[in-house]
Amino acid sequence: MSRFLSKKYADLTPYVPGEQPKDMQYVKLNTNESPFAPPYAVAKAVEKEAKLCRLYSNPTCSLLVDKVAEVYNVKPSQVLPTNGSDEILHFAFMAFCDKDTPAIFPDVTYGFYEVFAQLDGVPYKKIPLMEDFSIDVRDYFGVNGTIFIANPNAPTGLALSAMQVEEILQNNPDTIVVIDEAYVDFGGESVVPLIDKYDNLLVTQTFSKSRSLAGARLGLGFASEKLIADLNAMKYSTNPYNVNRMTERAGYVALCKQAYFDKKCKMICENREYTASALKNLGFTVLPSKTNFLFVTTDAIDGKTLYEKLKEKGVLIRHLGGERTAKYNRVTIGTKKQMDVFLQKVQEVLKEQKNGKNV
Ligand SMILES: *Cc1c(COP(=O)(O)O)cnc(C)c1O
């Protein structure tokens with residue numbers, strides 16, 4: 001920290017992204033990216049668009065927004081594309097959190113919520129998940145704040161039904177409820193269809209996971225026209241060109257290739273169930289996941305040690321630490337082949353552990 005940093009950031013603890021090491025080729029199961037390349041048509045369209053880089057992108061992203069509206073059956077005025085969904089989440093903190101409307105989110109969830117609250121200097125409150133890491137929706141009734149819920153939740157992988165989310169909405173008619181659907185395409189229930197019914201609902205989604213475009217940085221917000229207008233005020237006060245022209249084009253073409261992604265999501269779900277049952281056979285506790293990752297633990301080896309041993313063997317998973325989650329690891333679901341390597345290495349580590357080697 002230099003002596004010039006504003007005092008208001010003295011206590012800020014920035015978000016720590018999952019490692020992207022370059023020292024060797026890992027089986028990379030640590031940042032919930034897709035193991036599949038986007039369709040070739042996406043790369044081709046991006047290449048063509050790059051030739052127009054001299055010109056600013058379209059600040060309204062109308063090509064993309066109109067396509068989103070068609071695919072999701074909403075109005076263009078109910079959609080806002082952003083630079084990853086992290087950006088729209090930040091806009092929501094800027095626009096809807098304040099001294100008398102603190103941010104409210106579970107104690108175990110996406111780490112960025114707390115970072116945004118700190119960055120923007122808004123008060124926040126964490127509501128503990130149940131013992132089994134599930135959310136009791138009643139904990140969120142009438143809480144008098146802006147609620148942020150990842151559904152399905154990360155890093156647990158557990159999901160609320162659309163009906164449960166609706167209960168939260170019904171019990172908070174005068175405050176904003178943000179539902180972060182980063183993983184919804186892997187088996188969750190989306191509440192995008194509820195934006196007409198609830199003027200306090202903001203739903204965010206991302207192209208980073210199910211649509212193989214993490215590096216392109218594209219997220220979406222869905223909400224009533226008035227909320228989108230508020231969020232646009234944040235966008236036009238920070239970066240009107242938040243979505244670059246290559247990314248807008250990539251998103252547009254990706255949406256034209258829905259069948260491709262549906263197929264890939266189905267494969268991920270199959271690989272997830274395959275991996276979950278194999279891990280259970282090895283004595284792991286595996287939370288039921290509706291995402292492209294598994295949250296797992298075993299009494300046979302401590303979470304951090306398992307992470308370290310697997311890294312030595314060329315398999316990267318995510319160890320998050322944290323009071324309630326230190327025993328656990330988060331494992332991104334990759335291809336069947338990657339999961340077989342992962343399972344093989346897990347067995348090796350467990351065997352070494354049992355034989356007293358490397359302890
Ligand atoms: C990955 C993720 C995001 C944001 O992803 P972007 O790459 O910024 O779109 C948001 N919420 C959750 C819960 C995530 O896991």
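Residue indices begin at 1 and follow the sequence shown. Keep in mind it's a predicted model, so treat the numbers as computed, not measured.
- Across all non-hydrogen atoms, the minimal contact from Glu225 to Ser77 is OE1-OG, 3.0 Å.
- Using modelled atom types, one finds a donor on one side chain and an acceptor on the other under 3.5 Å when comparing Asp196 with Gln78.
- With Tyr274 as the aromatic partner, Lys336 meets the cation-pi criteria of under 6.0 angstrom to the ring centre and within 45 degrees of the ring axis.
- No hydrogens or angles considered: nothing links the side chains of Asn172 and Tyr198 as a donor-acceptor pair under 3.5 Å.
- When the side chains of ILVMFWY residues are joined at heavy-atom separations under 4.5 Å, either directly or via intervening members, Phe207 and Val184 end up in two distinct hydrophobic clusters.
- In this structure a side-chain-to-backbone donor-acceptor pair under 3.5 Å is present from Asn244 to Met246.
- Note: Tyr328 and Phe133 have perpendicular aromatic rings, judged against thresholds of 30 and 60 degrees for the angle between ring planes.
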- request: Could you walk me through whether Lys67 and Glu70 pass salt bridge (charged side-chain N to carboxylate O under 4.0 Å, His left out), step by step?
  value: CA-CA 5 Å; Lys67 188 70 196 173; Glu70 177 197 317; 3.2 Å; yes

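- A donor-acceptor pair is defined here as one N or O able to donate and one able to accept, closer than 3.5 Å; such a pair exists between the side chain of Arg217 and the backbone of Ala214.
- Between Ala45 and Val253, the shortest heavy-atom distance links the atoms CB-CG2, 3.6 Å.
- Tyr124 and Gln118 share a donor-acceptor pair across their side chains, judged by distance under 3.5 Å alone.
- In this structure, the side chain of Arg272 does not engage the main chain of Leu294 through any donor-acceptor pair within 3.5 Å.
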query: Is there a salt bridge (charged side-chain N to carboxylate O under 4.0 Å, His left out) between Lys126 and Glu114 once you walk through the steps?
result: CA-CA 9 Å; Lys126 298 190 211 179; Glu114 186 165 5; 2.9 Å; yes

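- In summary, the side chains of Gln338 and Lys28 do not present any donor paired with an acceptor at a separation below 3.5 Å, with no hydrogens or angles considered.
- Look at Asp136 and Arg138 and you find a salt bridge, because one of the NZ, NE, NH1 or NH2 atoms lies within 4.0 Å of a carboxylate O, short of that distance.
- Looking at Glu352 and Lys309, no side-chain N of the basic residue comes within less than 4.0 Å of a carboxylate O on the acidic one, giving no salt bridge.
- When every heavy atom of Pro155 is checked against every heavy atom of Arg330, the shortest pair comes out as CB-CD, 3.9 Å.
- Tyr113 and Phe148 have tilted rings, their planes meeting at an angle from 30° to 60° on a 0 to 90° scale.
- Rounded to the nearest 0.5 Å, atoms OH (Tyr307) and CG (Leu320) are 10.5 Å apart.
- Judged purely by atom type and a 3.5 angstrom limit, Asp107 uses its side chain to pair as donor or acceptor with the backbone of Leu129.
- Between Ala250 and Val46, the shortest heavy-atom contact is CB-CG2, 3.7 Å.
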